[in-house]
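Just so you know, ligand 1 is whichever comes first in the structure, and atom 1 is the first atom listed for that ligand.
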Amino acid sequence: MAPIVIKSILISESVDPCCKKVLEENGIQVTEKLNLTKEDLISEIKNYDGLVVRSSTKVTADIINAASNLKIIGRAGTGVDNVDVDAATKHGVIVMNTPSGNTISAAELTCILITSLSRHVPQAAMSMKAGKWDRKKFMGAELFGKTLGIVGLGRIGKEVASRMQSFGMKTIGYDPITPREVTAGWGVEQMTLEELWPQCDFITVHTPLMPSTTGLLNDASFAKCKKGVRVVNCARGGIIDEDSLLRALESGQCAGAGLDVFVEEPPKNRALVDHPNVISCPHLGASTSEAQARCGQDIALQIVDMVKGKGLVGAVNAQVLASTFCQESQQWITLGEAMGAVLQSCASSKPCSQVHITTQGQQPLCGKRWGSPGLGAGRRARAAGAGRQRVPTARRPRRTPAVPAGLPRAPGPALPRW
Ligand SMILES: NC(=O)c1ccc[n+]([C@@H]2O[C@H](COP(=O)([O-])OP(=O)(O)OC[C@H]3O[C@@H](n4cnc5c(N)ncnc54)[C@H](O)[C@@H]3O)[C@@H](O)[C@H]2O)c1
Ligand SMILES: O=C(O)[C@H](O)COP(=O)(O)O
C-alpha cells in the first residue's frame with residue numbers, strides 16, 4: 001500500500017495527550033483547538049491533512065466540502081454517527097475509529113446503571129446529602145434471578161452479559177448479525193424481539209444508531225414489556241424513543257431508566273433527566289482514564305501506520321474507497337461516464353429525468369455499483385462543458401470521489417483523465 005502524506009492534524013476535542021505525543025513523535029504537526037464553532041471549523045479545516053474528534057464535533061458535509069486538504073478523519077472512540085461518512089467517502093477522505101478502546105468502560109457504566117436502578121443508589125445518595133434518612137422510600141429489588149434483555153450483542157453487549165451473569169441474572173438477547181451459537185457460548189439465549197420484550201425485567205440496548213434501530217423501544221414495544229420493566233441506554237440517544245420512554249415512565253409501565261446518551265446532547269428538553277425514576281449521565285460511557293488512553297493511543301498509532309503504508313486498521317469506509325479506485329471499478333466508471341456524455345449530447349433541450357441501463361450477460365457487482373454513478377457524472381460533466389467554446393475535455397466533477405494521495409490502488413493503467 002502506498003503511503004498517504006499527513007503533515008498536519010487538528011484535534012478538536014479533549015483527546016488523551018498520548019495521541020498528540022505519538023503523532024508528533026512520528027513527524028506530524030498537531031494543533032489542538034477545542035470548542036470550535038461550526039464556522040470556525042469550516043474556516044480552519046482547510047489548513048490540515050487530518051482531523052481527530054470524539055463525539056461532540058459534528059463533521060458535517062459542509063465541513064468536509066471546505067476541507068480541501070483533508071485525507072483522514074480519526075474518531076478516538078467507537079460511534080462515527082457524528083461524521084458524515086458518505087460525504088467523506090465522496091471526497092476520498094478516510095474515516096477511522098477505535099472501536100474496542102472504550103468497550104470495557106461503556107460496559108461497566110451500563111452495569112452500574114443497571115445495579116443503581118435496582119437499588120435507587122443515586123436517589124438515596126441525593127436524599128442523604130439533603131439531610132434525610134429515608135429507608136422506606138428506597139426499597140429495591142434483587143438482580144438475582146431476574147432477566148436482562150440485551151439488544152445488540154456486539155462488543156459491549158457481550159461484556160455486559162458476562163458481568164450481569166455474575167449477579168445471577170438470566171441473559172437473553174437479540175442481534176440480527178451475531179449468530180445464536182456464538183452468543184449461546186457467552187450464556188446469552190437469542191430470540192426475536194417479540195419473544196424478548198415480555199420476558200425482561202431489565203432491557204439494555206447496545207446497537208449503533210441507524211434507521212433500523214431508531215425507536216427500537218417505542219410505544220408499541222413498551223406495551224409488550226412486563227409492567228415495571230427498567231431500561232438502560234448507554235449506546236445512542238434515540239434507540240429508546242424519548243417521548244415513548246417518558247410516557248412509559250409516567251404510566252408506570254417503565255419503572256426506571258438509566259440514560260447516558262440523548263438525542264440532543266446536552267438535552268434542552270429536561271423532562272427525562274428531571275424524572276424521579278431516571279438516572280442520567282452526561283455521555284460518560286467512555287470517560288475513564290483507561291478508555292481515553294487506549295482510544296487516544298489507538299487512533300494515533302492507526303494514523304501513523306497508515307502514513308507509513310503499514311495498514312488501514314479501523315478505517316470504516318476503506319472498502320468503498322478502495323473499490324472506487326480499483327482497476328475493475330474504474331473501467332465501469334469510465335464506461336458510465338462515456339455513456340453519460342453521449343446521452344447528454346443527444347438530450348438536446350429536453351433533459352431526461354430517468355435513465356435505464358440494461359445489461360446482458362454476467363455483469364460483475366462493481367459494474368452495477370459504479371455504472372450508474374459514472375453515467376450521472378458523465379452527463380453532469382458534459383452539461384458543465386456544453387456552454388464553453390470547443391472544450392475538448394470535460395473536468396471530472398468534484399462530487400465524484402477524488403483520489404486521496406497514495407490510497408491503495410490495484411496495479412494497472414492510470415485513472416482516465418478527462
Ligand atoms: N456511551 C458511550 O460513551 C459509548 C461508548 C462506546 C460505545 N458506545 C455506543 O455503544 C453502541 C455499541 O457499541 P459496540 O462497540 O458494542 O458496537 P458493536 O458494533 O460491537 O455492536 C453493535 C451490535 O449491534 C448489532 N445490531 C445492529 N443492528 C441491530 C438491530 N436492529 N437490533 C439488534 N442488534 C443490532 C450489530 O449486529 C452488532 O453486533 C454503539 O452505538 C456505540 O456508539 C457508547
Ligand atoms: O461512541 C463512543 O465511542 C462513545 O459514545 C464515546 O464518545 P466520546 O468519545 O465523546 O466520549
Side-chain angles (χ1 to χ4, degrees), residues 11-16 19 34-35 52-59 73-83 85 95-113 149-163 172-180 182-183 186 188 190-197 203-218 221 232-240 258-263 265-266 280-299 314 316:
I11 300 181
S12 66
E13 284 186 64
S14 169
V15 174
D16 191 275
C19 178
L34 313 190
N35 306 318
V52 170
V53 299
R54 285 177 59 186
S55 63
S56 297
T57 309
K58 307 296 171 219
V59 193
I73 299 166
R75 162 63 162 115
T78 308
V80 288
D81 43 323
N82 54 318
V83 178
V85 179
V95 180
M96 190 180 261
N97 69 350
T98 61
S100 56
N102 56 30
T103 301
I104 300 294
S105 292
E108 286 184 359
L109 185 68
T110 306
C111 299
I112 289 162
L113 289 175
I150 306 174
V151 181
L153 292 159
R155 282 173 289 257
I156 298 171
K158 178 186 180 192
E159 298 301 328
V160 168
S162 69
R163 282 157 183 73
I172 61 177
Y174 168 73
D175 192 300
I177 294 172
T178 311
R180 285 176 180 229
V182 170
T183 64
W186 324 327
V188 180
Q190 276 203 61
M191 56 193 65
T192 65
L193 287 174
E194 295 302 302
E195 291 166 330
L196 179 138
W197 302 131
I203 295 169
T204 182
V205 293
H206 299 286
T207 69
L209 180 69
M210 47 191 180
S212 61
T213 61
T214 301
L216 248 181
L217 256 167
N218 54 23
S221 32
V232 171
N233 187 357
C234 269
R236 279 294 178 270
I239 298 171
I240 301 179
L259 304 175
D260 184 44
V261 287
F262 296 85
V263 170
E265 294 185 357
S280 61
C281 298
H283 201 145
L284 293 182
S287 295
T288 63
S289 46
E290 293 86 352
Q292 285 313 309
R294 277 188 220 110
C295 291
Q297 175 159 315
D298 285 356
I299 197 66
V316 301

Test your reading of the structure: does [X] have an N or O sitting under 3.5 Å from an N or O of ligand 1?
X	value
I156	yes
A286	yes
T78	no
C234	yes

| task | Please confirm whether K158 comes under 4.0 Å of ligand 1, counting heavy atoms of the residue only. | result | no
| said: If we only consider heavy atoms of N102, is any one of them less than 4.0 Å away from an atom in ligand 1? | reply: yes
Just let me know how [X] lines up against ligand 1, side chain, backbone, both or neither, with a heavy-atom cut-off below 4.0 Å.
X	answer
T103	neither
D260	side chain
A106	side chain

Closest non-hydrogen atom pair between [X] and [Y], with its separation:
X	Y	result
S12	T57	OG-OG1, 2.9 Å
V316	V85	CG2-CG1, 4.3 Å
A291	S105	CB-OG, 3.4 Å
G238	N233	N-ND2, 4.3 Å
V188	G173	CG1-N, 3.7 Å

Could you identify the single nearest non-hydrogen protein atom to [atom] and state the distance to 0.1 Å?
atom	value
atom 18 (P) of ligand 1	R155 NH2, 3.6 Å
atom 35 (C) of ligand 1	P176 CD, 3.3 Å
atom 31 (N) of ligand 1	T213 CG2, 3.5 Å
atom 12 (C) of ligand 1	H206 O, 3.5 Å
atom 21 (O) of ligand 1	G154 CA, 3.3 Å
atom 41 (O) of ligand 1	T207 O, 2.8 Å
atom 32 (N) of ligand 1	Y174 CE2, 3.4 Å
atom 25 (C) of ligand 1	D175 OD2, 3.0 Å

| Does K58 offer a backbone N or O that forms a donor-acceptor pair with the side chain of N82 under 3.5 Å? | no
| Backbone N or O of S100 within a donor-acceptor pair of the R155 side chain at under 3.5 Å? | no
| task | With sequence neighbours left out, write down each residue that passes side chain to side chain contact (heavy atoms under 4.5 Å, CB included) with E159, or none if nothing qualifies. | result | T103, I104, A107, S162, R163
| query | Among all residues two or more places apart in sequence or in another chain, which pass the side chain to side chain contact (heavy atoms under 4.5 Å, CB included) test with T214? | reply | L209
| message | According to side chain to side chain donor-acceptor pair (under 3.5 Å), who are the partners of N102, at least two apart in sequence or on a separate chain? | response | T78
| task | Kindly tell me which protein residues have any non-hydrogen atom under 4.0 angstrom away from an atom of ligand 2, grouped by chain and ordered by number? | result | R54, S55, R75, A76, G77, T78, G79, N102, R236, H283, A286
| Spacing of R75 atom CZ and T98 atom OG1 [to the nearest 0.5 Å] | 7.0 Å
